[in-house]
Trainee: 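Let me give you the structure first, and then I'll get to my questions.
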There are 2 protein chains.
Amino acid sequence: MSMVLDARKGAAAEADPSGPATGEAPRAPVSLHGELLAALRDYLVEGNLADGARVPERLLCDRFGISRTPLREALKVLAAEGLIELLPNRGARVRALSADDLRELFDVMGGLESLAGRLACERVSDEEVAEIERVHHEMYRFYLRRDMHGYFQCNQEIHHMIVAAAGNATLAATYASFAGRIRRVRYSANLATDRDRWGEAMREHEAILDALRRRAGSELSDILFMHLRNKRKAAEQRSVSEAAEVESED
Amino acid sequence: MSMVLDARKGAAAEADPSGPATGEAPRAPVSLHGELLAALRDYLVEGNLADGARVPERLLCDRFGISRTPLREALKVLAAEGLIELLPNRGARVRALSADDLRELFDVMGGLESLAGRLACERVSDEEVAEIERVHHEMYRFYLRRDMHGYFQCNQEIHHMIVAAAGNATLAATYASFAGRIRRVRYSANLATDRDRWGEAMREHEAILDALRRRAGSELSDILFMHLRNKRKAAEQRSVSEAAEVESED
DNA sequence: AAAGAAAAAAATGAATGCAAAATGAAACCC
DNA sequence: GGGTTTCATTTTGCATTCATTTTTTTCTTT
C-alpha cells in the first residue's frame with residue numbers, strides 16, 4: 001500500500017504505515033483522505049504517544065507530510081471516536097482511560113459480543129460453525145501447549161468470526177471501533193499470569209461453541225457476556241497487582 | 001433560534017462543559033466549537049435536507065455564519081457518526097438509510113438496550129425502580145386513553161431511564177448516537193396503525209418491569225432484545241404498506 | 001436538430017495566513 | 001529569596017487563498 005500522503009510538495013512519506021490492518025477502521029471513511037485517518041488512528045493505537053500526552057499538531061504534520069487542515073479534521077474524528085479528547089483552547093490530548101472507563105468499555109464490548117452471538121445463531125451456516133470449530137480446536141492445541149501467543153490469535157479470530165457471522169455491518173463497525181479503543185491498553189496478557197483463568201476461559205469457549213452449534217441465541221448471549229465480564233475481572237485483578245506492564249506481543 | 005455561532009470575535013464563553021450529565025450528544029467532544037457540531041447534527045436529524053441530497057457547504061456556511069474550515073471538520077465527524085457520507089471528490093450527501101440499514105440499526109439498538117437492562121439489574125436501586133414504575137403506570141394510563149403522544153413520551157423515557165440505570169456513560173453515549181441516527185427516519189408512529197402491536201408492546205413493558213423488579217438480568221436482557229425486535233418487525237410491516245409517511249409528532 | 005466536444009463556472013480538498021489564547025520566561029515587587 | 005506580574009514565544013482556531021476536479025453551459029459537427 002502506497003500510503004498516499006504523497007502530497008504535492010515535499011511529502012515526507014516516511015510514514016511507515018505498514019500497519020497490519022487487523023480490522024480497525026470503525027467505518028472505512030469511503031476514501032476520504034482516508035489514509036490519513038487510518039494512519040493516525042494506528043499511530044495512536046500503537047501507543048506512539050503516552051497517555052494524556054499532548055498531540056503535537058506540527059510534529060504530526062511533518063510526520064505525515066500534510067498541512068494542519070486535514071490533520072485537524074482527522075483529530076476531530078478521532079476525538080468523536082473517543083481516542084483523544086479536545087480541550088477548549090488547549091489542543092488534543094491522548095485520552096487516558098481510567099479504571100472506570102476500562103470497566104465501561106469491557107461491558108460494552110461484552111454487550112456487543114452478546115448481541116453478535118444472538119444474531120449469529122439466527123443466521124449462521126453449518127459451514128461457518130464448522131470453520132469456527134476448526135479455529136476453536138486449533139486454539140485448544142495452543143492451550144495444551146501453553147502457547148499464549150497462538151492462543152491469543154485464535155481467540156481474537158473466533159470472536160471476530162462470531163461478530164462476522166452476525167451479518168450486521170453496523171454492529172461489526174461499532175465492535176471494531178471499541179476494540180481499537182481498548183487495544184490501546186495492552187492488558188493483552190490477561191491470563192498469562194493466571195493459569196486458572198486460562199482454563200476457565202477455555203471452558204467458556206467450549207460452552208460458546210456448544211451454544212452456537214445448537215443455535216441457542218439467548219444462551220449464547222449470556223455466555224458471551226459473562227465471558228467478557230470474567231475477562232474484565234481478570235484484567236482488573238491483574239491491574240492491581242501490576243501497576244502497568246507494557247507488552248509488545250501481538 | 002438564533003443558532004449561536006456568533007462567529008469569530010466575541011464567541012466563546014458559551015462553552016458550558018458543566019453538564020455532560022443527561023448524555024445526549026453521542027460524544028459531546030468536550031466543547032469543540034461544539035455548538036456547530038450539535039447544531040449541524042440537529043439540522044440533519046430534523047430532516048432539513050432530503051435523503052441523499054448534497055450537503056451544500058456554502059449554504060450552511062452562510063446559515064451558521066462560519067467559514068468552510070470548521071464546517072468541514074464537523075462534516076467529517078458526522079460522516080464518522082454515519083449521518084452523512086463523504087464521496088471522494090463529490091462532497092457530502094445525506095445518508096439514506098436502506099431497509100437493511102434500518103434492520104441493522106434496530107438490532108444494534110436492541111443489543112444496547114439488552115445490555116442496559118442486564119447492567120441495570122446489577123446496580124439499580126429500589127428508588128430508581130420505583131421511579132420507572134411510576135412512569136410505567138403513567139404510560140399505561142395513556143395507553144388506556146389511546147393517547148399515542150403521551151404513551152410515546154413515557155415509552156422513550158422508560159427506555160432512557162433503563163439506559164441511565166445501567167450506570168455506564170460509554171453505553172449511554174453510544175445509545176444516544178444510534179438513537180439520533182434512527183430518529184432521522186421518523187417511523188415513530190410504529191403502532192398508531194396497529195392496535196394489536198400496541199397491546200403487545202404494553203404487555204412486553206409489563207414483563208420488562210417485572211424482570212427489573214426481580215433483578216433478573218439475563219431475562220430482562222432477552223425481553224428487551226425481543227421488544228426491540230418486535231418493534232422492528234412492526235416498523236418493517238408498516239413500511240411496506242405505507243411507502244413513507246412523515247410525521248411531525250414527537 | 002441532436003449528440004458530442006470544448007470551455008466556463010462552481011465546488012471540493014488542502015495550504016497558508018492571521019488574530020486570539022495559552023504557555024513559558026524574565027523582570028519586578030515585597 | 002519567594003511570589004507575582006508582565007512580556008515574548010508558541011500554539012490553537014478560523015478565514016482566506018489556491019490548485020484540481022467536477023459540473024454545467026455553450027459551441028461545433030454530422
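By convention in this document, chain letters (A, B, ...) are assigned in the order of the sequence lines, proteins followed by strands, and residues within each chain are numbered from 1.
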Trainee: Mapping A:G91 and A:T69 onto DNA chain D by nearest heavy atom, which one lands closer to the 5' end?
Mentor: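 Nearer the 5' end of the strand: A:G91.
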Trainee: What is the separation between atom CD1 on A:I66 and atom P on C:dA15, rounded to the nearest whole Å?
Mentor: 7 Å
Trainee: In terms of side-chain geometry, is the basic nitrogen of A:R41 or A:E46 positioned less than 4.0 Å from the acidic oxygen of its partner?
Mentor: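 A salt bridge is absent here (no side-chain N lies under 4.0 Å from a carboxylate O).
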Trainee: Would you name the heavy atoms of B:T170 and A:R181 that are closest together and state the gap between them?
Mentor: CG2-NH2, 4.1 Å
Trainee: Starting at CG of A:L59 and ending at P of D:dT10, how long is that distance when rounded to a whole Å?
Mentor: 15 Å
Trainee: D:dG13 C1' sits how many Å from B:E35 CD, rounded?
Mentor: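 Distance, rounded to whole Å: 15 Å.
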Trainee: Rounding to a whole Å, what distance do you find between B:E73:CD and C:dG13:P?
Mentor: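 Distance check: B:E73 CD to C:dG13 P gives 14 Å.
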Trainee: Is any side-chain N or O of A:R54 closer than 4.0 Å to OP1 or OP2 of D:dT12?
Mentor: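 So the side-chain polar atoms of A:R54 do come within 4.0 Å of the phosphate oxygens OP1 or OP2 of D:dT12, strictly under.
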Trainee: Just to confirm, is there a sub-4.0 Å distance from OP1 or OP2 of C:dG13 to any side-chain nitrogen or oxygen of B:R72?
Mentor: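 Checking B:R72 against C:dG13: at least one side-chain N or O falls below 4.0 Å of OP1 or OP2.
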Trainee: So which atom in A:A172 and which in A:V163 form the shortest heavy-atom distance, rounded to 0.1 Å?
Mentor: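 Between these two residues, the closest heavy atoms are CA-CG1, 3.8 Å.
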Trainee: What distance separates A:L37 CG from A:E81 CD, expressed to the nearest 0.5 Å?
Mentor: 6.5 Å
Trainee: Take atom CZ of A:F64 and atom P of C:dA14, then tell me their distance rounded to the nearest Å.
Mentor: 15 Å
Trainee: Grab the NZ-P distance between A:K76 and D:dT12 for me, whole Å please.
Mentor: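 Distance, rounded to whole Å: 11 Å.
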Trainee: Where the side chain of B:P70 is defined as all heavy atoms beyond and including C-beta, which of D:dC14, D:dT12, C:dG13 is the nearest nucleotide?
Mentor: D:dC14
Trainee: Can you check whether B:S67 has a side-chain N or O nearer than 4.0 Å to OP1 or OP2 of D:dA15?
Mentor: yes
Trainee: For A:F225 and A:D107, work out which heavy atoms get closest and say how close.
Mentor: CE1-O, 4.1 Å
Trainee: Within this structure, what is the CG-to-P distance between A:L60 and C:dA14, rounded to whole angstrom?
Mentor: 17 Å
Trainee: Can you measure A:L75 atom CG to D:dG13 atom C1' for me and round it to whole angstrom units?
Mentor: 13 Å
Trainee: When you get a sec, tell me which of D:dT12, C:dA15, D:dC14 is the closest nucleotide to the side chain of B:H33?
Mentor: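 My answer, after comparing the listed nucleotides, is D:dC14.
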Trainee: Go nucleotide by nucleotide along DNA chain C from the 5' end; which of A:R68 and A:N89 gets its closest nucleotide reached first?
Mentor: A:R68
Trainee: Less than 4.0 angstrom between a side-chain N/O of A:R90 and OP1 or OP2 of C:dT23, yes or no?
Mentor: yes
